[in-house]
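Lettering follows sequence order; numbering is per chain, from 1. Since the model is a prediction, treat every value here as computed from it, not as a measurement.
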2 protein chains.
Amino acid sequence: MSQRRFTSEVAEWVKGVGLRPTKQRVALARLLFNHGHRHVTAEQLHSEAKAAEIPVSLATIYNTLNQFTRAGLLREVVVEPGRSYFDTNTDDHHHFYFEDSGSLRDIPGDQVELGNLPEAPAGTSVDRVDVIIRVRENQGHNAGRTSTG
Amino acid sequence: MSQRRFTSEVAEWVKGVGLRPTKQRVALARLLFNHGHRHVTAEQLHSEAKAAEIPVSLATIYNTLNQFTRAGLLREVVVEPGRSYFDTNTDDHHHFYFEDSGSLRDIPGDQVELGNLPEAPAGTSVDRVDVIIRVRENQGHNAGRTSTG
DNA sequence: ATACTTGCAAATCGTTTGCAATACC
DNA sequence: GGTATTGCAAACGATTTGCAAGTAT
């Protein structure tokens, strides 16, 4: 997951997952993957693209994000009805969700011990395990609690 | 969380959380809470209500589900963009999510060991921790895997 | 040249809301 | 009677889709 600075490099990469390296796909890939790990919504990426003078429609943003997700380049994280993020980190990891701001923060996979998980129901296999720790700003005192109690 | 079979009992219960025990609220409460723990969508509940000859609009279903959730009678679980369930089990517990059928199954809280959780970021407190184990039917062989690997 | 992509606008889905009519206390 | 609630339909935000025009191989 090192950064791919050059357009040609990104183009190869996109091609590598079976997608035509079109102008918008390559441009979006650069926006997404050249700035470290990110959590973006479709709207956010659209704004960024506009700011970066990349002509791309919102529909194409959605299509591209979905294609990238199917290709394994992104992972979708749903936190609330009507709020879903695309995470450029596809490694095994989890999330803090800040209920006040609506933002996400990665938690490295090894920082959560998931011991003793129940077996997948008969006839099924585990696709992935999502852990979302929902936190909110404590207006009063009692800072730094760590467990749900 | 024992079952409340009688309308008057349910009415008291609804009143107890600060909501007027109207005909539709009480009827919906009975549908929701008299059949063991359930995971329902608004649409599902609406269909059930119609089937049960309970005249209630979809808008009221949504309002009621949200009020019940705020009152702590229900817990909302978002599994995919555009698919959220209301869970009548508000105890500390987790979920299997069947990606093929789109359905949920409870996992008792004590069946998941969440060891060593990272501290809540400074200035925040943990509201709750959601664990969703996403499983899918294995079309091939390799039945009964248990971990993501 | 041909198949894949894009962009637009319309369509769709799930959900919320304004407001007049109605039900509860 | 007065306030909370309902229902309808319209509004809404997020996402998808049909189709004509454009682009990559």
Would you tell me if any nitrogen or oxygen in the side chain of [X] comes within less than 4.0 Å of OP1 or OP2 on [N]?
{"X": "Q67(B)", "N": "dA4(D)", "value": "no"}
{"X": "Y62(B)", "N": "dT15(C)", "value": "yes"}
{"X": "N66(A)", "N": "dT16(D)", "value": "yes"}
{"X": "T22(A)", "N": "dT6(C)", "value": "yes"}
{"X": "T60(B)", "N": "dG7(D)", "value": "yes"}

Looking at every non-hydrogen atom in both residues, tell me the closest pair between T41(B) and S84(B) and how far apart they are.
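Reported closest heavy-atom pair: CG2-O, 3.8 Å.
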Quick check, are the ring centers of H95(A) and H93(A) under 6.0 angstrom apart?
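When the ring centroids of H95(A) and H93(A) are compared, they turn out to be within the sub-6.0 Å range.
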In whole angstroms, how far is the [atom2] atom of [N] from the [atom1] atom of [X]?
{"X": "R25(B)", "N": "dT5(D)", "atom1": "CZ", "atom2": "C1'", "result": "6 Å"}
{"X": "E43(B)", "N": "dT12(C)", "atom1": "CD", "atom2": "P", "result": "15 Å"}
{"X": "L65(A)", "N": "dT6(C)", "atom1": "CG", "atom2": "P", "result": "12 Å"}
{"X": "L19(A)", "N": "dT6(C)", "atom1": "CG", "atom2": "C1'", "result": "14 Å"}

Side chain of K15(B) only, heavy atoms from C-beta on: which candidate in dC24(C), dC25(C), dT15(D) is closest?
dC25(C)
Between E80(A) and Y97(A): side-chain donor-acceptor atoms closer than 3.5 Å
yes
Which one of N66(B), L73(B), L74(B) satisfies the side chain to side chain contact (heavy atoms under 4.5 Å, CB included) criterion with R70(B)?
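The residue from N66(B), L73(B), L74(B) that satisfies side chain to side chain contact (heavy atoms under 4.5 Å, CB included) with R70(B) turns out to be N66(B).
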Look at the side chain of R20(A) and the base of dT25(D), then say whether one donor and one acceptor between them are separated by less than 3.5 Å.
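Flag unset: no donor-acceptor pair detected.
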